[in-house]
Amino acid sequence: MRLAGKVAIVTGGGKGIGRAYVRGLAAEGAKVVAADIDETATVNAQREIEDKGGEALAVTVDVSDDASINRMVQQTIDRFGRVDVLVNNAALFAALPRHKWDEIPLEEWDKVMSVNVRGVYLCSKAVVPHMCSQGGGSIINIASAIFLSPGGGGLIHYIASKAAVMGLTRALCRELGEFGIRVNSIGPGLTASEEIVKKTDPAQIESRSVMGSIKRVETPEDLVGTVLFLASDDSAFITGQMLVVDGGRVFH
Ligand SMILES: NC(=O)c1ccc[n+]([C@@H]2O[C@H](COP(=O)([O-])OP(=O)(O)OC[C@H]3O[C@@H](n4cnc5c(N)ncnc54)[C@H](O)[C@@H]3O)[C@@H](O)[C@H]2O)c1
């Protein structure tokens with residue numbers, strides 16, 4: 001098992017694609033913290049991993065809140081004693097209403113930035129001292145392929161937030177390389193997570209599936225292997241990069 005002995009925190013790990021990361025990391029032997037603003041979902045995630053014989057911890061967190069994040073990291077240290085991997089996956093996305101670009105309420109703009117960008121910054125800041133004292137770690141930021149091919153969709157604030165996640169990834173990798181901490185990001189294409197399936201016209205999801213080189217709908221499980229790769233020593237000399245996982249639709 002590639003991640004035996006490692007401890008991983010997945011924000012937004014209660015549901016959707018984050019829940020698939022929790023499963024995948026646990027299956028590779030990691031002790032996993034399923035951290036989410038949805039308490040019931042975190043408890044369900046913990047139970048699922050424990051039922052399969054793995055080790056997991058449910059933590060309720062709001063990634064836009066510094067004190068809440070510090071509690072999440074402290075609970076992780078209290079239970080597992082270390083933190084090797086942080087997957088910054090929590091974001092406002094599927095639940096966001098679509099707006100014309102010049103009609104986004106400012107409070108919504110600020111909320112998206114505080115969860116999707118400040119959250120990534122604050123969660124990273126909270127784990128770095130522990131990773132430094134352990135001699136290294138891996139931070140994986142979930143960006144989006146939409147940033148490489150934006151247009152339409154009524155999500156200009158979301159797209160701007162994911163561009164910021166890429167900028168943060170590159171800038172942070174320069175700060176942390178000397179401490180053995182790698183910082184990378186993943187750019188998923190439109191992925192049929194629970195919320196997306198609930199909120200999106202099936203015809204729209206289908207129409208996207210033929211735009212890539214691999215002509216099928218992207219699923220949360222399609223992203224898990226890349227998270228495992230970036231979490232493990234298999235990617236020991238890769239940092240500051242964005243790996244696009246979208247079936248070959250956009251190129252960068
Ligand atoms: N589904 C897609 O098509 C797609 C495409 C590209 C990128 N992504 C990215 O992948 C990630 C997961 O997407 P998803 O489709 O599973 O989305 P989702 O909305 O289903 O899941 C987001 C998770 O984050 C949690 N969350 C929201 N706000 C939070 C907060 N303040 N603090 C802690 N947790 C919070 C939610 O409870 C939920 O479990 C997101 O970063 C999203 O931007 C998704």
Side-chain angles (χ1 to χ4, degrees), residues 9-24 33-45 58-73 86-98 108 110-123 126 140-150 153 155 157-166 168-169 185-201 204-205 208-209 211-212 217-224 226-227 242-247 249-250:
I9 298 175
V10 182
T11 68
K15 293 181 292 199
I17 306 175
R19 181 77 168 260
Y21 297 150
V22 167
R23 279 187 203 111
V33 178
D36 204 294
I37 202 162
D38 180 335
E39 185 175 2
T40 308
T42 67
V43 172
N44 290 340
V59 173
T60 308
V61 69
D62 177 353
V63 299
S64 65
D65 181 80
D66 207 10
S68 174
I69 291 165
N70 289 333
R71 279 196 297 277
M72 167 185 80
V73 174
L86 168 67
V87 185
N88 278 312
N89 165 79
L92 293 176
F93 172 52
L96 285 175
R98 273 42 175 177
E108 189 180 305
D110 290 344
K111 182 77 185 148
V112 167
M113 293 302 160
S114 72
V115 175
N116 296 14
V117 185
R118 197 175 73 194
V120 171
Y121 169 67
L122 290 176
C123 289
I140 303 164
N141 298 327
I142 306 303
S144 175
I146 201 173
F147 148 67
L148 297 167
S149 175
L155 286 172
H157 46 354
Y158 173 76
I159 295 167
S161 77
K162 291 301 184 179
V165 169
M166 255 318 294
L168 215 152
T169 300
S185 67
I186 295 176
L190 182 67
T191 305
S193 61
E194 297 147 32
E195 280 302 303
I196 286 294
V197 169
K198 261 190 247 160
K199 300 238 158 71
T200 316
D201 177 0
Q204 195 193 335
I205 300 180
R208 275 299 186 87
S209 72
M211 292 161 89
V217 173
E218 181 164 356
T219 66
E221 289 68 33
D222 285 319
L223 292 153
V224 172
T226 308
V227 163
M242 173 155 87
L243 301 185
V244 174
V245 183
D246 73 342
R249 187 166 97 84
V250 300

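Ligands are counted one by one from 1 in listed order, and the atoms in each one are counted from 1 as well.
Around atom 7 (C) of ligand 1, the closest heavy atom drawn from Ala145, Ala143, Ser193 belongs to Ala143. If you check each of Ala91, Pro188, Ala20 against atom 22 (C) of ligand 1, the one with the closest non-hydrogen atom is Ala91. For atom 19 (O) of ligand 1, the candidate residues are Ala45, Ala94, Ser144; the nearest heavy-atom contact is made by Ala94. When the heavy-atom distances from atom 20 (O) of ligand 1 to Glu39, Glu195, Arg208 are ranked, the shortest goes to Glu195. Across the listed options Asp38, Val63, Asp36, Asp36 owns the non-hydrogen atom lying nearest to atom 37 (O) of ligand 1.
The shortest N or O to N or O distance between Gly18 and ligand 1 is not below 3.5 Å. Among the atoms of Ser64, none of the N or O lies under 3.5 angstrom from an N or O of ligand 1.
Ion pairing between a basic and an acidic side chain is recognised when a charged N comes within 4.0 Å of a carboxylate O; Lys111 and Glu108 show no such pairing.
Atoms of ligand 1 lying under 4.0 Å from any heavy atom of Ile196, numbered from 1 in the order shown and given with element: 1 (N). Close approach of ligand 1 to Lys15 (heavy-atom distance below 4.0 Å) involves ligand atoms 37 (O), 38 (C), 39 (O). Shown in contact with Leu190 at under 4.0 Å from a heavy atom are these atoms of ligand 1, numbered in order with element: 3 (O). Of all the atoms in ligand 1, the ones that sit under 4.0 Å from a non-hydrogen atom of Asp62 are 30 (C), 31 (N), 32 (N). The atoms of ligand 1 that sit less than 4.0 Å from any heavy atom of Gly16 are 16 (O). Each of the atoms 6 (C), 7 (C), 8 (N), 9 (C), 42 (C), 43 (O) of ligand 1 lies under 4.0 Å from some heavy atom of Tyr158. When each atom of ligand 1 is checked for a heavy atom of Val61 under 4.0 Å away, the hits are 32 (N), 33 (C).
Of the possible donor and acceptor atoms, none in the side chain of Arg118 sits under 3.5 Å from a partner among the backbone N and O of Asn116. Distance alone, capped at 3.5 Å, is enough to place a donor-acceptor pair between the Asp222 side chain and the Thr219 backbone. In this structure, the side chain of Asp62 does not engage the main chain of Ser68 through any donor-acceptor pair within 3.5 Å. Between the Glu39 side chain and the Thr60 main chain, no donor and acceptor come within less than 3.5 Å of each other. One N or O on the side chain of Thr11 and one on the backbone of Ala90 form a donor-acceptor pair closer than 3.5 Å. Although no hydrogens or angles enter the test, the distance criterion places no donor-acceptor pair under 3.5 Å between the side chain of Asp36 and the main chain of Thr42. The backbone N or O of Ser114 sits nowhere less than 3.5 Å from a side-chain atom of Asp110 that would complete a donor-acceptor pair. Without hydrogens or angle criteria, Thr191 side chain to Gly189 main chain gives a donor-acceptor distance under 3.5 Å. Remark: the backbone N or O of Gly14 is paired with a side-chain donor or acceptor of Arg19 at under 3.5 angstrom.
For atom 34 (N) of ligand 1, the closest heavy atom belonging to the protein is Ile37 N, 3.3 Å. Protein heavy atom at the shortest distance from atom 4 (C) of ligand 1 is Phe93 CE2, 3.5 Å. The closest protein non-hydrogen atom to atom 41 (O) of ligand 1 is Asn89 O, 2.7 Å. Of all protein heavy atoms, the one closest to atom 24 (O) of ligand 1 is Gly12 CA, 3.5 Å. The protein heavy atom nearest to atom 13 (O) of ligand 1 is Ile17 CD1, 3.8 Å. Nearest non-hydrogen protein atom to atom 10 (O) of ligand 1 is Ile142 CG2, 3.4 Å. Of all protein heavy atoms, the one lying nearest to atom 3 (O) of ligand 1 is Thr191 N, 2.7 Å.
For the residue pair Asn141 / Ser185, no side-chain donor-acceptor distance below 3.5 Å is found, with atom types taken as modelled.
Rounded to the nearest 0.5 Å, atoms OH (Tyr158) and CE (Met113) are 11.5 Å apart.
Nearest heavy-atom pair, Gly13 versus Val22, reported as atom, atom and distance to 0.1 Å: O-CG2, 3.5 Å.
At least one heavy atom of Gly189 sits closer than 4.0 Å to an atom of ligand 1. Look at Glu194 and you'll find every heavy atom at least 4.0 Å from all atoms of ligand 1.
When distances from atom 16 (O) of ligand 1 to the protein are checked, a heavy atom turns up under 4.0 Å.
With a 4.0 Å heavy-atom cut-off, ligand 1 is reached by no atom of Glu218.
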(request) Start with the C-alpha gap between Phe93 and Ile196, add the side-chain angles, then the distance that decides, and say whether side chain to side chain contact (heavy atoms under 4.5 Å, CB included) holds. (result) CA-CA 9 Å; Phe93 172 52; Ile196 286 294; 3.4 Å; yes
(request) Please step through side chain to side chain contact (heavy atoms under 4.5 Å, CB included) for the pair Ile186 and Met242, ending with a clear verdict. (result) CA-CA 5 Å; Ile186 295 176; Met242 173 155 87; over 6 Å; no
